[in-house]
Structures are given as structure tokens and as C-alpha cells.
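To start, the structure under review is shown below, and the notes come after it.
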Amino acid sequence: MPPATPRYIQIAALVRDRIETEQLGPHTLLPSERELAEQHGVSRMTARQALSLLESEGVVYRKPPRGTFVAEPRVRFHIGSFSEEVSRLGRRPAARLLWAETQRPMPAVQHALGLPDGAEVHVFHRLRTVDDVPFALETTFLPADLTPGILDDPGDGSLWAVLRDRYGLDLARSTAVLESIVLDDASSAQLGVRAGSAGTLLTRRTEDASGRCVEYARDVYRADRASFEVSERLGAHRLSPV
């Protein structure tokens, strides 16, 4: 007989279900540890574990001594342009340029962009926000030979729009690898979260219609504010018999 689901996971599921079914809005006050413990006949430690699990998922946030509250829903991104994705959802994207420069690429960047020895890249490091809330730190590498003069751009909008409109690049495909990370002190401060908070590292390559990689990016997102939707078309040739 399989082991029973731990009580704190059951309680977290009930709270999560209540938030969804009752459509509790962001910043709604939830039951305290003591109240949850009494409602479910468990210890306060078990109730605390349930709330800690929900906090780690970004479902709730805690403001001692005021209590536990429903968190803002995550923004769900597809892999692609930050500005275009946020605008698609009816929210307001923005970017603040932290620094930009021309540099000789590190080997990993050179390899990703398929650059010859001696080639240079233009680099933008930006803080991305949604409705003025910090969401991500983007470091974007662009081949210098493809993007002359791009450092003159203020860097406060969509770089994809600049690549299309100013340089005539036909952006055709973007792929990414997502990894869970712990935010360092500097990133935490810039993103407005506690040091050591969870983050998502998105390493992205964008190709034009000819298959050339025209952008390489390493983007660090707040794990409590962003989620990513990934889909894959499955054909008979992709499925293996069980």
C-alpha cells in the first residue's frame, strides 16, 4: 500500500484550491498558522510547513506580523520577446538600461553566436519590469557586424523590434534552456527580493530565417513572478512504446 500524502501537502492543496475556486484576489488575507492548525487538527509546525510550501511556489507571501496573503498571479511567458509577451497580456513592459558596451565575447558566447575569432559583440544589460514591478535582468549579446550603431539606442524598448525595423533581420526561431537558480545578493537587490530567493535562468538563442544566430541572451527572472509555457508538437515518430 503506497504511503499517504503528508498532511502539510494536503493542507497546502486545500488552500491553493480555495484561492482558485473562490477567486481570492491578490493581497487577500489568509488564515494564520494557528487558524489552519485548528481547522485541520494539526500542529502549528505542520500548518507552517503548508504555508512555507505555498510561499516557495509563489502562491502566497508573508508579512510578519500582519499575516499571510494571496500573491499576485505570475505572468506566463512564451519563449520570445519580453516586451511582446507582456504587451500580449495587456500589461505594460519597460526596460531600464544598466549598462551597454562592445566587447570581445567569452568562448561560450562566441560559440553560441557562431562568431569567428576576433569578432566583437554588443552587450546590453537591462532591468525589465511589468507595470513598474521588477521581473528580470537581461544580458543580451548581439553580433557587432550585424548591429552597427545599436549602442546609440536608449535600450528602453524591445530589442527584437530594433533588430527587425532598423536592421531588417527576419527573426524566425528562438530556443531556450530554463534552469532553477538561487539569486545572488546583487541580483536580489536589483529585483527587489530577499537575498537567496529562487530565480529562473533562461539561456536563449534567436536565429534569423537563414539559420544564423543573431542574438544570445542570459535572462534571470524572479521565480515568484514569472512562469513559462512550453509546448511541443508530438508525432508518431516522437513517441516510444512503453
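Note that these values count all heavy atoms, side chains included, but never hydrogens, waters or copies made by symmetry.
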query: Taking it one step at a time, do R88 and H78 satisfy side chain to side chain contact (heavy atoms under 4.5 Å, CB included)?
result: CA-CA 10 Å; R88 176 181 61 83; H78 295 93; 3.0 Å; yes
- prompt: Going through the distances and angles, do L142 and T140 end up as a side chain to side chain contact (heavy atoms under 4.5 Å, CB included)?
  reply: CA-CA 7 Å; L142 306 168; T140 306; 4.0 Å; yes
- request: Check the pair R164 / E84 against salt bridge (Lys or Arg N to Asp or Glu O under 4.0 Å), numbers first and verdict last.
  value: CA-CA 13 Å; R164 292 188 186 110; E84 293 172 10; 2.6 Å; yes
message: Could you walk me through whether I19 and L54 satisfy the side chain to side chain contact (heavy atoms under 4.5 Å, CB included) test, starting with their C-alpha distance in whole Å, then the side-chain angles of each, then the deciding distance to 0.1 Å, before giving a yes or no?
response: CA-CA 11 Å; I19 292 171; L54 293 170; 5.6 Å; no
task: Assess whether side chain to side chain contact (heavy atoms under 4.5 Å, CB included) is satisfied between F82 and D219, documenting all intermediate values.
output: CA-CA 10 Å; F82 182 100; D219 306 333; over 6 Å; no
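For the pair F135/T129, no side-chain contact is recorded, criterion being any heavy-atom separation below 4.5 Å from C-beta on. In this structure the side chain of V133 reaches within 4.5 angstrom of the side chain of R222, judged on heavy atoms. For the pair V177/L202, no side-chain contact is recorded, criterion being any heavy-atom separation below 4.5 Å from C-beta on. No side-chain heavy atom of T175 sits under 4.5 Å from any side-chain heavy atom of I79. Inter-residue side-chain proximity for Q190 and L98 is flagged as met; some heavy-atom pair is nearer than 4.5 Å. By the 4.5 Å heavy-atom criterion applied to side chains, K63 and F69 are counted as neighbours. The shortest distance between side-chain heavy atoms of R212 and P143 falls below 4.5 Å. A heavy-atom distance below 4.5 Å is not found between the side chains of V42 and Y8.
Of the charged side-chain nitrogens involved, at least one lies within less than 4.0 Å of a carboxylate oxygen, so that R204 and E215 count as a salt-bridged pair. Checked for salt-bridge contact, R62 and E33 meet the test: a charged N lies under 4.0 Å from a carboxylate O. Using a 4.0 Å cut-off between a side-chain N of Lys or Arg and a carboxylate O of Asp or Glu, R92 and D132 qualify as a salt bridge. In summary, E38 and R34 engage in a salt bridge, as defined by a charged side-chain N under 4.0 Å from a carboxylate O. Salt-bridge check for E20 with R18: failed, with every basic side-chain N at 4.0 Å or more from each acidic carboxylate O.
The distance from atom OG1 of T68 to atom CG of L51, rounded to the nearest 0.5 Å, is 4.5 Å. To the nearest 0.5 Å, atom CZ of residue R74 and atom CZ of residue F228 are 10.5 Å apart. To the nearest 0.5 Å, atoms CG (D145) and CG (L115) are separated by 7.0 Å. Interatomic distance, R16 CZ to L53 CG, rounded to the nearest 0.5 Å: 6.0 Å. Atom OG1 of T200 and atom CG of L183 lie 8.5 Å apart (nearest 0.5 Å). Remark: E35 CD to R44 CZ distance equals 10.0 Å, nearest 0.5 Å.
Contact detail for A47 and L36: the closest heavy-atom pair is CB-CB, 3.9 Å. When all heavy atoms are compared, the tightest approach of L146 to V214 is CD1-CG1, 3.6 Å. Taking both residues in full, the closest heavy atoms of D185 and A195 are given as OD1-CB, 3.3 Å, listed atom of the first, atom of the second, then distance. Summarising the geometry of T139 relative to H125, their closest heavy-atom pair is OG1-ND1, 2.8 Å, with the distance given to 0.1 Å. Scanning all heavy atoms of the two residues, the minimum distance from A95 to G157 falls at CB-N, 4.4 Å. Nearest heavy-atom pair across R225 and P73 is NH1-O, 3.1 Å.
The environment of CZ in R96 is sparse: at most 12 heavy-atom neighbours from other residues, nucleotides or ligands sit within 6.0 Å. The neighbour count for Q23 CD, taken as heavy atoms of other residues, nucleotides or ligands under 6.0 Å away, does not exceed 12.
Grouping the Ile, Leu, Val, Met, Phe, Trp and Tyr side chains by contacts below 4.5 angstrom, directly or via other members, places V86 apart from V162. Hydrophobic clustering keeps V220 apart from F124 (ILVMFWY residues linked when any side-chain heavy atoms are closer than 4.5 Å, directly or through intermediates). Clustering ILVMFWY residues whenever any of their side-chain heavy atoms sit less than 4.5 angstrom apart, transitively, puts L97 in the very cluster that holds I150. Clustering ILVMFWY residues whenever any of their side-chain heavy atoms sit less than 4.5 angstrom apart, transitively, puts W99 in the very cluster that holds V109. Clustering ILVMFWY residues whenever any of their side-chain heavy atoms sit less than 4.5 angstrom apart, transitively, puts V75 in a cluster other than the one holding W160.
When atom types are taken as modelled, the side chain of R205 and the backbone of R173 share no donor-acceptor pair closer than 3.5 angstrom. Here the side chain of S43 pairs a donor or acceptor atom with the backbone of T46 at under 3.5 angstrom. In terms of modelled atom types and a separation under 3.5 Å, the side chain of Q103 and the main chain of V123 share no donor-acceptor contact. Not a single donor-acceptor pair under 3.5 Å links the side chain of R218 to the backbone N or O of E138. A donor-acceptor pair is defined here as one N or O able to donate and one able to accept, closer than 3.5 Å; no such pair exists between the side chain of R128 and the backbone of P93.
Side chains of D184 and S187: a donor on one and an acceptor on the other come within 3.5 Å.
The aromatic ring centroids of Y221 and F77 lie less than 6.0 Å from each other. The ring of Y61 has its center closer than 6.0 angstrom to the ring center of H27.
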